[in-house]
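Notes to accompany the following structure.
Keep in mind that what you see is a predicted model, and the values were worked out from it rather than measured.
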Amino acid sequence: MSTPEEAKSSDFIRNIIQEDNRTGKHQGRVMTRFPPEPNGYLHIGHAKSICLNFGIASENPGGLCNLRFDDTNPEKEDVEYVDSIKEDVRWLGFDWEDREYFASDYFDQLFEHAVTLIKKGKAYACDLPADKMREYRGTATEPGKPSPGRSRSVEENLDLFERMKNGEFKEGEFVLRAKIDLASPNFHMRDPVIYRVRHVHHHRTGDKWCIYPMYDYTHCISDSIEKVTHSICTLEFEDHRPLYDWILEELEIFHPQQIEFARLNMTYTVMSKRKLLELVKGDYVSGWDDPRMPTICGMRRRGVTPESLRAFCKTIGVTKFNSMTDKVVLENCIRDHLNQTAPRVMGVLNPLRVVIDNYPEDTSEELDAINNPNDESAGSRKVPFSKVIYIEKEDFMEDPPKKFFRLSPGKEVRLRYAYFVTCVDVVKDENGEVIELHCTYDPETRGGDAPDGRKVKATLHWVSEAHALDAEVRLYDHLFSTPDPEDVPEDVDYKSNLNPESLQVLSGCKLEPSLKEAEPGSRFQFERLGYFCVDTRESTPGKPVFNRTVTLRDTWARLEKQQENQPKGK
RNA sequence: UACCCGGUAGUGUAAUGGUAGCACAACAGAUUUUGAUUCUGUUAGUCAAGGUUCGAGCCCUUGCCGGGUAACCA
């Protein structure tokens with residue numbers, strides 16, 4: 001028996017591993033790794049990779065997944081990113097125990113292996129400048145031509161590489177190249193650079209090195225050192241696999257299998273680190289953790305749960321096909337989990353004052369409200385009710401269309417957990433805008449049921465004016481207004497697709513008083529509206545701030561939209 | 001352009017030569033003190049052409065379409 005949570009999910013990668021286990025390829029051992037470069041914050045695409053790598057490890061007996069920082073480019077990397085990555089992986093619910101590695105920890109071994117390659121005549125020092133090297137590499141139809149350094153002797157190469165390490169050369173003066181095949185149709189095999197000179201400080205190794213290994217060279221050896229059995233990466237590395245294999249074969253060391261899968265694309269957002277960094281640096285968003293960002297920290301701040309992110313990753317699957325996942329799939333996973341776990345409360349975002357004419361003055365009463373209909377153990381709470389309350393502006397229409405069930409003159413509705421009320425008067429300001437309603441209530445309907453069995457079509461949420469907690473509420477919409485913001489003509493910047501209305505800040509929202517004690521980060525369902533959480537950065541007891549994580553499904557809004565689209569409706 | 005990879009309902013994915021299934025979306029209905037949730041039902045798919053086979057989404061060939069690669073980034 002298996003619960004839905006642990007239901008088996010299979011994909012082509014898991015199938016390969018299963019087959020390897022069956023044939024005893026690695027004696028049943030399964031070792032994966034999550035290898036981020038610490039040059040940015042993790043986003044939901046990384047979550048897919050994290051869930052894949054850690055998930056596979058946990059599904060196999062004795063399986064392990066390492067966290068390894070691919071930190072071979074000190075110019076772009078920083079400890080700030082290292083720390084955030086660790087926090088995000090942990091928050092997502094995964095544990096790498098003591099297996100926290102850095103490619104930079106392997107710099108000595110990497111150097112020795114390069115010496116081995118040189119001694120085998122499989123690597124050489126090359127002093128072609130970058131632009132010349134590009135030229136010498138050839139084109140799609142023409143093979144590359146050998147650089148002058150290609151024929152250097154082993155001794156000379158050994159000496160040159162040693163001097164590169166010792167800092168005798170300026171940046172760009174020399175590189176170390178693998179000697180493979182200048183005529184290969186695969187450009188990565190046309191004598192790729194494996195070491196370059198960089199006189200820069202590294203966030204971990206300090207000034208010890210002035211030569212740094214390249215990704216292709218570093219990654220396969222790092223995997224090998226860690227005895228990774230299955231090295232899972234994204235599709236753009238497919239063309240690198242022959243190089244990955246070549247290096248390990250020449251070095252005659254443990255040979256992991258590289259497997260590529262399609263990275264995640266999602267509608268209404270961008271996923272490239274470069275673009276996300278641009279949005280942060282250009283102040284298009286408030287930071288990496290802006291709740292509109294697809295970053296893990298952004299979604300965390302928005303109120304998304306790790307459970308729903310994991311469920312999402314399971315839902316989208318793993319393939320080699322480039323696809324675009326609809327954002328509603330994510331939203332659905334979020335609603336799914338929050339619906340089970342979030343306590344219900346009442347909050348009015350756009351308050352409309354309602355005076356209940358026949359309710360006694362200077363008194364109030366406490367009504368029982370259920371905390372979570374999906375979780376009996378969540379219990380109930382008391383909500384204060386009094387003569388003046390607020391309801392949502394949207395819940396009243398003076399001249400309602402046919403299917404509008406909510407409040408309008410003469411209509412009776414239920415106030416959730418309270419009473420039936422009937423609208424008897426509408427107060428307007430000089431502009432004709434409704435500013436206050438007068439209602440009467442039926443004392444017999446206390447708690448929300450009519451003893452005479454009469455029904456109402458709508459139940460409204462409300463907050464007592466005298467007891468209300470004032471709060472700021474931030475409503476978020478898609479960061480971009482088009483489903484595929486990167487799909488722009490060549491002369492157009494993707495940022496022109498930024499949604500100018502992605503953030504809406506509401507102040508003077510009225511919340512039920514129980515929310516006074518809400519901890520930063522805690523999540524609630526505001527009944528009939530959506531899921532909200534207390535902002536972890538800017539909310540204070542004196543000035544509470546709530547973020548809307550996601551709306552509830554809203555059939556009425558959809559109907560309204562349909563009517564708008566065909567104004568000829570009956 | 002050369003090379004590599006891919007193409008299954010609107011979207012995301014199963015089917016390892018043997019009944020094309022699931023989820024989301026959409027639509028219709030039931031229930032409902034959240035127009036939520038829940039439940040039921042409906043719509044809708046193998047890129048194309050040829051070949052192999054008793055049998056092809058799956059294998060082969062060609063074409064079409066999409067993506068990737070051509071940094072001293074990862």
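Under the 90° criterion around 0 for the glycosidic angle, B:rA70 counts as anti.
The number of heavy-atom neighbours closer than 6.0 Å to CD of A:E278, taken from other residues, nucleotides and ligands shown, is above 12. Within 6.0 Å of CD1 on A:I370 lie no more than 12 heavy atoms contributed by other residues, nucleotides or ligands. In this structure, A:R263 places its CZ atom where only 12 or fewer heavy-atom neighbours from other residues, nucleotides or ligands lie under 6.0 Å away.
Using the Watson-Crick or G-U wobble rule with both distances under 3.5 Å, B:rA9 pairs with nothing in any strand shown. The partner of B:rC59 is B:rG51, judged by Watson-Crick or G-U wobble contacts that both fall below 3.5 Å. If you check B:rU34 for Watson-Crick or wobble pairing at under 3.5 angstrom, you find it has no partner at all. B:rA28 is paired with B:rU40 under the Watson-Crick or G-U wobble criterion, all donor-acceptor distances under 3.5 Å. With both pairing distances under 3.5 Å, B:rA70 is matched to B:rU1 as a Watson-Crick or G-U wobble pair.
At whole-Å resolution of the value, CD in A:E392 and P in B:rU34 are 17 Å apart. Protein atom CG of A:N332 is 16 Å distant from nucleotide atom P of B:rG12, rounded to whole Å. In this structure, A:D11 places its CG atom 17 Å from P of B:rG12, rounding to the nearest Å. Distance NZ (A:K455) to P (B:rU31): 11 Å, rounded to an integer number of Å. If you take CD1 of A:I13 and C1' of B:rC5, they are 14 Å apart, rounded to a whole angstrom. Atom CD of A:E527 and atom C1' of B:rU32 are 13 Å apart (whole Å). Between the OH atom of A:Y268 and the P atom of B:rU11 there is a distance of 14 Å, rounded to whole Å. Here the C1' atom of nucleotide B:rU11 and the CZ atom of A:F321 are 11 Å apart, to the nearest Å.
Going from the C1' atom of B:rC3 to that of B:rC59 covers 24 Å, rounded to whole Å. A distance of about 15 Å separates the P atoms of B:rA14 and B:rC47, rounded to the whole Å. For the P atoms, the distance linking B:rU40 with B:rA48 amounts to 34 Å, nearest Å. Nucleotides B:rA15 and B:rG21 have their C1' atoms positioned 7 Å apart, rounded to a whole Å. Using atom P as the reference point in both B:rA26 and B:rU69, the two lie 35 Å apart (nearest Å). Rounded to the nearest Å, the gap between the C1' atom of B:rU34 and that of B:rU43 is 29 Å. The gap from the P atom of B:rA23 to that of B:rG63 amounts to 40 Å, rounded to the nearest Å. Between B:rG57 and B:rA25, the distance separating the two C1' atoms is 24 Å to the nearest Å.
Here the straight-line distance linking atom CZ of A:R310 with atom SG of A:C313 works out to 10.0 Å at 0.5 Å rounding.
Here A:V318 lies in heavy-atom contact (under 4.0 Å) with sugar-phosphate atoms only. As judged by a 4.0 angstrom heavy-atom cut-off over every strand, A:L552 is placed among the base-contacting residues.
In this structure, A:K145 satisfies the cation-pi test against A:Y136, with its NZ or CZ atom closer than 6.0 Å to the six-membered ring centre and inside 45 degrees of the ring normal. For A:K275 and A:Y494, the positive end sits near the middle of the six-membered ring, less than 6.0 Å away and at most 45° from its axis. Under the 6.0 Å distance and 45° angle rule, A:R204 counts as a cation-pi partner of A:F102.
Place A:M324 and A:W556 on RNA chain B by their nearest nucleotides, and A:M324 ends up nearer the 5' end. Each of A:S323 and A:T555 was assigned the nucleotide of RNA chain B with the nearest heavy atom; the assignment lying further toward the 5' end belongs to A:S323.
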Would A:S10 and A:N15 count as a side chain to side chain donor-acceptor pair (under 3.5 Å) if you check the C-alpha gap in whole Å, the side-chain angles of each, and the deciding distance to 0.1 Å?
-> CA-CA 7 Å; A:S10 200; A:N15 290 348; 2.8 Å; yes
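At distances below 3.5 Å, at least one donor-acceptor pair connects side-chain atoms of A:R190 with backbone N or O atoms of A:R137.
Aromatic ring pairs are classed by plane angle as parallel below 30°, tilted from 30° to 60° and perpendicular above 60°; the pair A:Y419 and A:F385 is tilted.
Of the candidates B:rU34, B:rC5, B:rG35, B:rC5 carries the atom nearest the A:K320 side chain, counting heavy atoms from C-beta on. Comparing B:rC24, B:rG35, B:rC5 by their nearest atom to the side chain of A:V328 picks out B:rC24. Distances were taken from every side-chain heavy atom of A:R558 (C-beta onward) to each of B:rA26, B:rU34, B:rG6; the shortest belongs to B:rA26.
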Heavy-atom contacts, protein to nucleotides 68-74 of chain B, under 4.0 Å, summarised as B (base), S (sugar-phosphate only) or - (none) per nt, yield BSBSBSB
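Between B:rG12 and A:T319, no contact under 4.0 Å exists linking OP1 or OP2 to a side-chain N or O.
Interface remark: the A:R528 side chain does not form any donor-acceptor pair with the B:rG35 base, using a distance-only criterion of under 3.5 Å.
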